[in-house]
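Here's the structure we're looking at; comments come further down.
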Amino acid sequence: IITISAFSLYLLAAMYGFLGSFNSHVTEYFQVNVLQQHNSKNDKLISQYFDDFRMDSLADFNQSMDEFHRVLQEIQSEPHSLESYLVLRSIQNSFMSYSDEINAAIKLQRIGAKDFQIHYYKAARINHYMDRYIAQLLELSLQEGNMVYNELAADGRTMVYVSAVLIGGF
């Protein structure tokens, strides 16, 4: 009975670990999805600002940019496969370039320069590339989560089988 009880506790702890691992992959997928939503939102908000030049539109854009950066940092703080890491670096680099171009466009527009649109259109192109990278990361996250699930499910089936053998043997 002591052996079965000890194995049952081990089985429960292992299953809890499996659930935690799966949960982290689902959470990452959710965060990447939020990142994609903020990227689209940033594009709409900056377009709105350049249509109406209102400061509240700019404030909304800046708030969304801050949230995008916060979520990106959360995602980057977790361990990743090499491929995911490289895509994350591409997103980070694109985000920095996007921020530079948008800030240049805003500064030029605020001083009345007509060529602010050059930087705005560069930023729009960078945003389009970021959207592709984020979609790629979303797909990778889903694939990696699926692989983890398959591994965990196989380990879980093995543990249930061993448990049944132990219980049946006593």
Side-chain angles (χ1 to χ4, degrees), residues 1-47 60-103 122-170:
I1 291 185
I2 292 174
T3 303
I4 292 173
S5 296
F7 185 74
S8 294
L9 288 175
Y10 169 76
L11 184 64
L12 286 172
M15 287 298 182
Y16 185 74
F18 291 163
L19 289 174
S21 179
F22 184 70
N23 182 50
S24 71
H25 281 280
V26 170
T27 300
E28 180 179 324
Y29 183 80
F30 174 76
Q31 286 178 316
V32 174
N33 191 35
V34 167
L35 200 65
Q36 191 172 45
Q37 291 171 1
H38 276 291
N39 195 50
S40 295
K41 185 177 180 182
N42 290 343
D43 186 46
K44 289 176 187 162
L45 290 172
I46 198 62
S47 293
D60 291 343
F61 169 73
N62 286 331
Q63 183 178 11
S64 183
M65 286 285 286
D66 289 344
E67 186 63 19
F68 180 96
H69 189 249
R70 184 192 64 76
V71 172
L72 181 58
Q73 287 180 323
E74 282 181 19
I75 294 170
Q76 287 177 321
S77 70
E78 298 296 321
H80 295 283
S81 68
L82 178 61
E83 190 172 1
S84 292
Y85 170 79
L86 294 173
V87 173
L88 277 166
R89 290 296 303 159
S90 296
I91 294 169
Q92 177 68 38
N93 292 340
S94 297
F95 178 73
M96 291 168 50
S97 296
Y98 177 77
S99 296
D100 291 344
E101 291 297 333
I102 282 297
N103 287 332
K122 284 181 184 178
R125 275 189 306 192
I126 293 168
N127 183 279
H128 180 70
Y129 287 117
M130 257 195 314
D131 199 48
R132 287 184 189 174
Y133 294 139
I134 294 168
Q136 187 178 0
L137 184 61
L138 200 58
E139 185 177 330
L140 282 170
S141 178
L142 187 60
Q143 288 172 353
E144 289 171 5
N146 190 42
M147 286 178 10
V148 167
Y149 170 78
N150 288 337
E151 290 171 9
L152 295 177
D155 290 348
R157 283 190 295 274
T158 301
M159 291 180 136
V160 168
Y161 175 74
V162 169
S163 178
V165 168
L166 281 176
I167 292 172
F170 286 98

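Counting non-hydrogen atoms of other residues, nucleotides and ligands closer than 6.0 Å to CD of Glu74 gives a total above 12. Counting non-hydrogen atoms of neighbouring residues, nucleotides and ligands closer than 6.0 angstrom, the CD atom of Glu83 reaches no more than 12 such neighbours.
Nearest heavy atoms, Leu142 versus Tyr29: CB-CE1, 3.8 Å. Heavy-atom minimum distance, Asp43 versus Asn127: CB-OD1, 3.9 Å. Between His25 and Ser141, the shortest heavy-atom contact is O-OG, 4.2 Å. Considering all non-hydrogen atoms of both residues, Glu101 and Ile126 come closest at CG-CD1, 3.9 Å.
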Report the C-alpha separation of Leu88 and Leu72 in whole Å, then their side-chain angles, then the decisive distance to 0.1 Å, and conclude whether the side chain to side chain contact (heavy atoms under 4.5 Å, CB included) test is met.
CA-CA 8 Å; Leu88 277 166; Leu72 181 58; 3.9 Å; yes
Might you work through the side chain to side chain contact (heavy atoms under 4.5 Å, CB included) test for Phe68 and Lys41, ending with a clear yes or no?
CA-CA 10 Å; Phe68 180 96; Lys41 185 177 180 182; over 6 Å; no
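For the pair Arg70 and Asp66, the minimum side-chain heavy-atom distance is 4.5 Å or more. No side-chain heavy atom of Met147 sits under 4.5 Å from any side-chain heavy atom of Gln143. With a 4.5 Å cut-off on side-chain heavy atoms, Tyr98 and Ile46 count as touching.
A distance of 5.0 Å separates OH of Tyr133 from OG of Ser90, quoted to the nearest 0.5 Å. Atoms CD1 and CZ, from Ile102 and Phe95 in turn, are 10.5 Å apart once rounded to the nearest 0.5 Å. Note that the CG atom of Asn33 and the CD atom of Glu28 stand 12.0 Å from one another [nearest 0.5 Å]. Here the CD1-CZ distance, from Ile91 to Arg132, works out to 13.5 Å after rounding to the nearest 0.5 Å. Between the CE atom in Met130 and the CG atom in Leu35 there is a gap of 8.5 Å [rounded to 0.5 Å]. In this structure, the separation between NZ on Lys44 and CG on Asn39 is 11.0 Å, given to the nearest 0.5 Å.
Although no hydrogens or angles enter the test, the distance criterion places a donor-acceptor pair under 3.5 Å between the side chain of His80 and the main chain of Ile75. Under the 3.5 Å distance criterion, the side-chain polar atoms of Asn42 are matched with a main-chain donor or acceptor of His38. No donor-acceptor distance shorter than 3.5 angstrom exists from the side chain of Ser64 to the backbone of Asp60, with no hydrogens or angles considered.
Between the side chains of Ser84 and Glu144, at least one donor-acceptor pair of N or O atoms lies under 3.5 Å.
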